Amino acid sequence: MTNSIDRRSLVAAGVTVLLWASAFVSIRVAGEHYSPGALALGRLFTGSVVLVTILVLRREGVPPRAAWPGIAGAGVLWFGVYMVALNWGEREVDAGTAAMVVNIGPVLIALLGGWLLGEGFPSRLLAGIGVSFAGAVVVGVSISGSGRASVLGVLLCVVAAATYAIGVTLQKPALRHASAVQVTTFGCLVGTVGCLPFAPQLLGELGRAPLSATLNVLYLGVFPTALAFVTWAYALARTTARNMGATTYLVPAIVVAMSWSLLGEVPGWLTLAGGLLCLAGVAVSRGRPRRARVVTPPEPAASARV
């Protein structure tokens, strides 16, 4: 597996980043009427229906046994614990604090990938991560407002970041044995089963929630879950976990733009500067070092030959 990424995989990663950024807006709307566990279950159940349909149409069966440890681990941690913790954490802290804390995830991915997957610690990637993380901090500080973040909320966001990073690290080996659709579908199903204890809450809140909130739950299941997780797995199978983690630093910048256009929240100069830092960090991490120029020594003059 090389560190480079082909054009199709780059497009897939871009789709993932865009849809995951849009999820923040939808979670904000749906979270006003659905509790964290119910929202996670509704999102995962919807995503599972779409993914199973795609799996059947593509005539892909059950993944081989070798893929199941990664699928099960990612399903429990990333699809299950992560979504519940993130939904809950965003109810306890403001959006800026949540974005700042959750964005330690790519840093953990790079560290876990270098340690457990043998991907190493290239200097350009580490430099890009540092720049992008600084940008995420600036964005978080700029939009955090004057409210105080609860200790519980911060801890929940840390849990979300950690389970996201571990889930990606577990998912990478599974993609060596199964397709992106298989890994995503069965990971989502595992997460759905894990969230079934929240079914009574979901059924009760479904009858009380307005249509707009329910439509956002459906959107979260179809696009940021079913589609975005498949495109993520497709790209992850073709590059390193650390590179894929670095691309998610684009999310804060896109969230700022979406909040500006959809929610009428005009970002300040500090927020824009943080978003540009996020973009710059990704550019640094994705760049390739220049090859050293080899100078060929001149051949001896013909007159020197005997």
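Nothing fancy with the numbering, it's 1 onward along the sequence. Every value quoted in this text rests on a predicted model; they were computed, and no experiment measured them. Atom set for the values below is all heavy atoms of this structure, side chains included, hydrogens, waters and symmetry mates excluded.
Remark: Glu205 CD to Thr214 OG1 distance equals 10.0 Å, nearest 0.5 Å. Note that CG of Leu202 and CG of Leu39 are 9.0 Å apart. Values are rounded to the nearest 0.5 Å. For the atom pair CG (Leu86) and CG (Leu156), the distance works out to 9.5 Å, reported to the nearest 0.5 Å. With rounding to the nearest 0.5 Å, the separation of CZ in Phe198 from OG1 in Thr192 is 12.5 Å. The OG1 atom of Thr53 sits 13.5 Å away from atom CZ of Arg58, with the distance rounded to the nearest 0.5 Å. To the nearest 0.5 Å, atoms CG (Leu19) and OG (Ser26) are separated by 10.0 Å.
A 4.5 Å side-chain heavy-atom check between Val15 and Trp232 finds every atom pair outside the cut-off. Here the side chains of Arg91 and Ser35 are in contact, with some heavy-atom distance below 4.5 Å. For the pair Thr163 and Val159, the minimum side-chain heavy-atom distance is below 4.5 Å. At a threshold of 4.5 Å between non-hydrogen side-chain atoms, the residues Val168 and Trp78 count as touching. Side-chain contact check for Tyr164 versus Val81: every heavy-atom pair is 4.5 Å or farther apart. Put simply, the side chain of Thr185 does not reach to within 4.5 Å of the side chain of Ser48, judged on heavy atoms. Counting heavy atoms from C-beta on, the side chains of Phe79 and Phe186 never come closer than 4.5 Å. Residues Arg8 and Tyr234 are in side-chain contact: their nearest non-hydrogen atoms beyond the backbone lie under 4.5 Å apart.
For Arg176 (side chain) and Lys172 (main-chain N/O), no donor-acceptor pair under 3.5 Å exists by modelled atom type. Formation of a donor-acceptor pair under 3.5 Å by the Gln182 side chain with backbone atoms of Gly61 is found in this model.
Hydrophobic clustering (side-chain heavy atoms under 4.5 Å, transitive across Ile, Leu, Val, Met, Phe, Trp, Tyr) keeps Val49 apart from Leu196. Hydrophobic clustering of Ile, Leu, Val, Met, Phe, Trp and Tyr side chains at less than 4.5 Å, counting indirect connections, unites Leu227 with Ile54. A continuous path of ILVMFWY side-chain contacts below 4.5 Å connects Ile71 to Val56, so both sit in one hydrophobic cluster. Put simply, Val76 and Phe229 are part of the same group of oily side chains (I, L, V, M, F, W, Y) that touch within less than 4.5 Å, one to the next. In this structure, Leu215 is not a member of the same hydrophobic cluster as Ile27, with clusters built from ILVMFWY side-chain heavy atoms closer than 4.5 Å.
Scanning all heavy atoms of the two residues, the minimum distance from Ala228 to Trp20 falls at CB-NE1, 3.4 Å. Across every non-hydrogen atom of Pro197 and Gly194, the tightest pair is CD-O, 3.4 Å. For Ala174 against Gly70, the heavy-atom pair with the smallest separation is CB-CA, 4.1 Å. Nearest heavy atoms, Gly47 versus Cys188: C-SG, 4.1 Å. In terms of heavy-atom proximity, Leu170 sits nearest to Pro173 at O-CD, 3.2 Å. Residues Leu175 and Ala233 share a closest heavy-atom pair of CD1-O, 3.5 Å.
Not counting sequence neighbours, Tyr34 has no partner by the ring-ring contact (aromatic ring centres under 6.0 Å, His included) test.
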Can you give me every donor-acceptor pair (side chain of residues 217-225, partner residue at least two apart or in another chain, under 3.5 Å) with its distance?
from	atom 1	to	atom 2	distance (Å)
Tyr219	OH	Ser22	OG	2.7
Thr225	OG1	Arg43	NE	2.6
Thr225	OG1	Leu220	O	2.7

